[in-house]
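Keep in mind the model is a prediction, meaning the values are calculated, not measured.
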Amino acid sequence: MTPDADWLSATHATCFPDARSWSTKEFTDLLRADGAHLIAKSKGFALARAVLDEAEILTIAVLPNARRLGFGGAILAELENALKQSKVAKVFLEVSANNRAALALYYRSGYLETGRRSGYYLTNDAAAQDALILSKLLF
């Protein structure tokens, strides 16, 4: 699947209704950036940015009707394989401390908590949520 930035933006908005969704322009700019890695399937996508031997997972979005069916894990594994092929040794990400489903996916996939950012995420109701920083060595 080769999605366009409009599809990515709409999917992101559907997957994260309580947060500010990313615009088409933001996705266009991210995809054009050096080191961008996108894995897209009909039920969701993952986007990362690599610099030298490190990468940051910017977002993983799985449509609500496809959650808890293995799509997130499959997309994450495919992204990690693509990053390994690009000689990325370490990957990290930030995730809301309240996002239990995402945390379960990441911990099950071997990620470890390496930090916390207090009050990092603001929801649509202006409640602040901590972000956990997770990382994983790929090789």
Exercise. Give, for atom NZ of K43 and atom OG1 of T11, the distance between the pair rounded to the nearest 0.5 Å.
Key: 11.0 Å
Self-check item: Nearest-0.5 Å distance, CZ of residue F71 to CD1 of residue I60
Solution: 14.5 Å
Practice problem: Grab the two heavy atoms, one from W7 and one from S42, that are nearest each other, plus how far apart they are. | Solution: CZ2-O, 3.9 Å
Self-check item: Reported CG-to-CG distance for the pair L8 and L38, which is rounded to 0.5 angstrom
Solution: 5.5 Å
Quiz item: Atom CG in L134, atom CG in L103: separation rounded to 0.5 Å?
Solution: 6.5 Å
Self-check item: Enclosure of D34 CG (heavy-atom neighbours >12, cutoff 6.0 Å)
Solution: no
Quiz item: If two hydrophobic side chains count as joined below 4.5 Å and joins carry through other members, does L93 share a cluster with V51?
Solution: no
Quiz item: Linking I/L/V/M/F/W/Y whenever their side-chain heavy atoms sit closer than 4.5 Å, directly or via other members, would I57 and Y121 fall into one cluster?
Solution: no
Exercise. Determine yes or no for a side-chain-to-main-chain donor-acceptor pair under 3.5 angstrom, with S9 supplying the side chain and A5 the backbone.
Key: no
Practice problem: Grab the two heavy atoms, one from F139 and one from V88, that are nearest each other, plus how far apart they are. | Solution: CE2-O, 3.0 Å
Expected list for residues 73-80: side-chain donor-acceptor pairs under 3.5 angstrom, two or more places apart:
{"unit_1": "E78", "atom_1": "OE1", "unit_2": "K41", "atom_2": "NZ", "d": "3.1"}
{"unit_1": "E80", "atom_1": "OE1", "unit_2": "K136", "atom_2": "NZ", "d": "3.0"}
{"unit_1": "E80", "atom_1": "OE2", "unit_2": "Y111", "atom_2": "OH", "d": "2.7"}
{"unit_1": "E80", "atom_1": "OE2", "unit_2": "K136", "atom_2": "NZ", "d": "3.3"}

Quiz item: What pair of heavy atoms forms the shortest contact from N99 to A102, and how long is it?
Solution: OD1-N, 3.0 Å
Quiz item: Hey, what do you get for CG (D29) to CD (E26), rounding to the nearest 0.5 Å?
Solution: 8.0 Å
Quiz prompt | Taking every non-hydrogen atom, the tightest pair across T59 and F45 | solution = CG2-CE1, 3.6 Å
Quiz item: With side chains defined as the heavy atoms from C-beta onward, is the minimum distance between L31 and L47 less than 4.5 Å?
Solution: yes
Exercise. Mind checking the OH-CG spacing from Y106 to L112? Nearest 0.5 Å is all I need.
Key: 14.5 Å
Quiz item: Nearest heavy-atom pair of C15 and R67: which atoms, and what distance?
Solution: O-NH2, 2.9 Å
Practice problem: Not counting sequence neighbours, which residues clear ring pair (Phe, Tyr, Trp, His ring centres under 6.0 Å) with H12? List them please. | Solution: F16, W22, F27
Self-check item: By side chain to side chain donor-acceptor pair (under 3.5 Å) - contacts of S96 (at least two apart)
Solution: Q129
Quiz item: With distance as the sole test, does D130 use its side chain to make a donor-acceptor pair with the main-chain N or O of G119 at under 3.5 Å?
Solution: yes
